[in-house]
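Worksheet: the structure to be examined is printed underneath.
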Amino acid sequence: MANDLDQWLYLFNRGEDFEAYHRFGAHQVGDHWEFLVWAPHAQGVAVVGDWNDWQPAPLSPIGDTGVWRGAAKALAGQHYKFRLTGPDGVTREKIDPFAFAFERKPGTAALLADLPAHDWHDTRWLKDREAFPPYQRPISIYELHLGSFRRHMNDAYLTYAEAAKVVIPYVKKLGFTHIELMPLMEHPLDKSWGYQLMGYFAPTSRFGPPGELLGFIDAAHQAGLGVIMDWVPGHFIRNADALARFDGTPTFEYADAHRADNVRWGSWNFDLGRAQVQSFLLSSATFWLKECHLDGLRVDAVSNMLYMDYDAGKEHDRNRNGGRENLEGIAFLQKLNRVAFSAVVNPLMIAEESSAYPGVTKPVYLGGLGFNYKWNMGWMNDTLAYFSRAPGQRDVHKLTFSFVYLRDEQFILPFSHDEVVHGKKSLMHKMPGDRYNQFANLRVMYVWWLTHPGKKLLFMGSEWGQFLEWRDWTQLEWRDLADPLNAKMQSFTTNLMHLYRRYPALWRGDHDETGMLVTIGDNPDALSYIRRSPGELPVIVVLNLVTKQRDHFRVPVPHGGHYRVILNTEAIAAGGTWTHVPRHYVATAVPANGQADSLDVILPAMGALLIVPEPAEG
């Protein structure tokens, strides 16, 4: 055992222990608990807990490894912290960085709890995930903040178990393929939404014990839904009893205070070049993917890890070569993805990255960062800028510019929480015109989103066009659904999501040069393109971007024959006014925009059509 420990500590101190949670923290051995903590510059370390009235039980250093070890007789569920005396002689109480559970806020003590146990029943899901990489699948993600999706009548949170019974059937019915949870790692401040973390191995106690979160993930998998969680490896909270100056010196953060200070978020930046910090963070990623069966991690604030000059007051910071790139941050992200893809088969490793850094989704062995998806923030900003302006004041190049860089990365198209908060207005409220036209614009924008190459992400409440922007302190405006327009918008989004899954041409060609053929791209008021994939039924997309109906509008199609309309955004069932919707058209040999055949269609005002050749399935 001693030799095994020596080997583990050797790997930990080299940044190569990717399952350090099996050793560090608190683990039950017989009738006592063993503790292991990294505090390289501490003069003394003890564990304190409520089993002995918080009297210190000293830990001993293990040679010159920087790691301390000790034991105590205690019971599962009891509270504890580490008491560390720094080189300055000051004694501080700190959390256990590797704890699997914490007490409810405002307390910050860890709870004696071993690796969360769960009797998994998701073997079929995991085997299916292994067999089919995400590139061969439809991916539509419902982004969710668990604390404000639904609440009890007294405004209390739903537990993980209660949320499983509400969230999973709802998202399943909507037709999404995945749930993305905003961070559920332990964090002290509700207003941080979980992005300023304290416990990198502990599900937050706000919603119940850790095992219930595993039950949520298991239930989602059994229902055919993947689960992704946001994860924050770039920075951490400043709280004095957490990771900051853990052993009395900069330990997890950079020794250089200027580099450590994250001005933008009021936090500390991890020293991503330090070997032990790498072992800590990479073990956290492994824990969530391997032990908790998450299907992927959406890595937050990647740009902050890529650039020396990303933060306020650091505009002139440069690396040792004179460039602005954070060299150790880049190396860490590459290592993260190597570890993640080794830990489990076909995880979704998603970068929230807002710059034009090249090769975010290129494999590491080709010099890329190694993610398999990146949020397309440029597409999102251009799309919202276009649709938020009144017709007649729009520049269609805001939309068509995305065609230039369509294949530069493997993209997810996000309408996320960040776009519906802090005075930005909800997606519905961004739309121009009266209430009817706001819904009409929103439906067309969603068709553009769904049919544009790239996987999909939509924030909760946006499916029915909630008018109020997101408020994290209370539940969504479910009462909106008593309004027929909101109810029809929810039904429209559901129909759209199911059409996406039903027609593989809408997703199978996302990363293929031939997956999209633009047939009308130079008209300032209309767009038309064909989504296609070999062996699949093509889907013709037509967008009318002005509030004027167009009769006898020529739509280029790939061949002659009969065609069927599978979606008209102005149908009365979708919230429009068309009670009689033309369903069938016949292509004639009238050339249009490079195609030998075309359809003569009625194009609804501020509307969109999806058309497929007949015969069509479903």
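The basis for the numbers below is simple: all heavy atoms, side chains too, and nothing from hydrogens, waters or symmetry mates. All values reported here derive from a predicted model rather than from experimental measurement. The first residue of the sequence shown is numbered 1, and numbering continues consecutively from there.
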What distance do Ser192 atom OG and His187 atom NE2 have between them, rounded to the nearest 0.5 Å? 5.0 Å

Distance, nearest 0.5 Å, that separates CG of Leu214 from CG of Asp119: 11.5 Å

Option from Phe246, Phe252, Phe82 for which ring pair (Phe, Tyr, Trp, His ring centres under 6.0 Å) with Trp38 holds: Phe252

Basic-acidic side-chain contact under 4.0 Å: Lys290, Glu19: yes

Answer yes when Lys94 and Asp241 have at least one side-chain N-carboxylate O distance shorter than 4.0 Å, and no when they do not. no

For the pair Leu294 and Ile228, evaluate side chain to side chain contact (heavy atoms under 4.5 Å, CB included) and give the outcome as yes or no after the intermediate values. CA-CA 6 Å; Leu294 283 180; Ile228 303 161; over 6 Å; no

Of Phe332, Tyr200, Phe270, the one forming a side chain to side chain contact (heavy atoms under 4.5 Å, CB included) with Pro233 is Phe332

Short N-O contact, Arg137 and Asp128, less than 4.0 angstrom: yes

Distance-only side-chain donor-acceptor flag, His118 / Asp218, under 3.5 Å: yes

dist Arg259:CZ -> Asn326:CG (nearest 0.5 Å) comes out at 5.0 Å

Kindly assign one of parallel, tilted or perpendicular to the pair Tyr310 and Tyr307, based on the angle between their ring planes and the thresholds 30° and 60°. parallel

Checking the side chain of Ser205 only, and the main-chain atoms of Glu103 only, is there a donor and an acceptor separated by less than 3.5 Å? yes

Look at atom CZ of Arg124 and say whether more than 12 heavy atoms of other residues, nucleotides or ligands are closer to it than 6.0 Å. no

Short N-O contact, Glu315 and Arg324, less than 4.0 angstrom: no

Side chains of Asp300 and Tyr195: do they bring a donor and an acceptor to under 3.5 Å? no

Do Trp268 and Asn262 have side chains that get closer than 4.5 Å, going by heavy atoms? no

Pairing of Glu16 and Lys335 as salt bridge, 4.0 angstrom limit: yes

Looking at Gln276 and Gln278, would you say the former's side chain and the latter's main chain have a donor-acceptor pair under 3.5 Å? no

Yes or no on side chain to side chain contact (heavy atoms under 4.5 Å, CB included) for Thr91 and Leu84, after CA distance, side-chain angles and deciding distance? CA-CA 5 Å; Thr91 298; Leu84 300 99; over 6 Å; no

Is the Trp33 to His27 ring centre distance short of 6.0 Å? no

Between the main-chain N or O of Val263 and the side-chain N or O of Asp311, is there a donor-acceptor pair closer than 3.5 Å? yes

Hey, do the aromatic rings of His417 and Trp193 have their centres closer than 6.0 Å? yes

Once rounded to the nearest 0.5 Å, what's the spacing between atom CG of Leu413 and atom OH of Tyr373? 11.0 Å

What distance do Phe371 atom CZ and Thr361 atom OG1 have between them, rounded to the nearest 0.5 Å? 10.0 Å

Any donor-acceptor N/O pair, Arg471 side chain to Thr474 backbone, under 3.5 Å: no

Would Glu352 and Ser354 satisfy side chain to side chain donor-acceptor pair (under 3.5 Å), going step by step from the backbone distance to the final call? CA-CA 7 Å; Glu352 190 240 351; Ser354 56; over 6 Å; no

Tested for ring pair (Phe, Tyr, Trp, His ring centres under 6.0 Å) against Phe280, the lone hit among Phe98, Phe12, Phe236 is Phe98

Please answer whether the main-chain N or O of Val360 pairs with a side-chain N or O of Glu409 as donor and acceptor at a distance below 3.5 Å. yes

From CA spacing to verdict: side chain to side chain donor-acceptor pair (under 3.5 Å), Gln475, Ser148: CA-CA 4 Å; Gln475 71 171 5; Ser148 58; over 6 Å; no

Determine, stepwise, if the pair Asp122 / Lys127 fulfils salt bridge (charged side-chain N to carboxylate O under 4.0 Å, His left out). CA-CA 9 Å; Asp122 62 349; Lys127 286 183 176 179; over 6 Å; no

Between Arg92 and Asp247, does any NZ, NE, NH1 or NH2 come within less than 4.0 Å of an OD or OE carboxylate oxygen? no

Between Arg69 and Leu5, is there a side-chain heavy-atom distance shorter than 4.5 Å? yes

Determine whether Leu306 and Glu325 satisfy the following criterion, side chain to side chain contact (heavy atoms under 4.5 Å, CB included), listing intermediate values before the conclusion. CA-CA 6 Å; Leu306 289 178; Glu325 296 82 8; over 6 Å; no

For the pair Phe35 and Trp51, name the ring-plane relationship: parallel under 30°, tilted 30 to 60°, perpendicular over 60°. parallel

Could you give me the CA-CA distance, side-chain angles and deciding distance for Phe201 and Phe24, then say whether ring pair (Phe, Tyr, Trp, His ring centres under 6.0 Å) is met? CA-CA 11 Å; Phe201 300 84; Phe24 284 81; 9.8 Å; no

Kindly determine whether Phe459 and Trp470 satisfy ring pair (Phe, Tyr, Trp, His ring centres under 6.0 Å), including the steps that lead there. CA-CA 9 Å; Phe459 185 59; Trp470 174 47; 5.2 Å; yes

Determine whether His145 and Asp472 satisfy the following criterion, side chain to side chain donor-acceptor pair (under 3.5 Å), listing intermediate values before the conclusion. CA-CA 8 Å; His145 179 256; Asp472 62 270; 5.9 Å; no

More than 12 heavy atoms of other residues, nucleotides or ligands under 6.0 Å from NZ of Lys314: yes or no? yes

Run Arg23 and Asp17 through salt bridge (charged side-chain N to carboxylate O under 4.0 Å, His left out) and show every step you take. CA-CA 10 Å; Arg23 273 78 63 181; Asp17 187 354; 2.6 Å; yes

For residues Val339 and Asn337, determine if any side-chain heavy atom of one lies less than 4.5 Å from a side-chain heavy atom of the other. no

Working to the nearest 0.5 Å, report the span between CG of Leu213 and CZ of Phe207. 10.0 Å

Assess, by modelled atom type and distance only, whether the side chains of His235 and Asn269 contain a donor and an acceptor separated by less than 3.5 Å. no

Within 6.0 Å of CZ in Arg14, more than 12 heavy atoms from elsewhere: no

Greater than 12 external heavy atoms within 6.0 Å of Asp155's CG: yes

Cation-pi geometry met for Arg151 and Trp473 (6.0 Å, 45°): no

Taking Thr65 for its side chain and Leu9 for its backbone only, find out whether a donor-acceptor pair lies under 3.5 Å. no

Arg206/Asp190 salt bridge by N-O under 4.0 Å criterion: yes

Sub-3.5 Å donor-acceptor pair from the side chain of Thr251 to the main-chain atoms of Thr249, do we have one? yes

Passes side chain to side chain donor-acceptor pair (under 3.5 Å), Asp295 versus His178? Steps please. CA-CA 9 Å; Asp295 296 284; His178 289 73; 5.5 Å; no

Provide the closest heavy-atom pair for Ala57 versus Leu59 in the form atom of the first, atom of the second, distance. O-CD1, 3.4 Å

Indicate, with yes or no, if the rings of Phe287 and Phe100 have centres closer together than 6.0 Å. yes

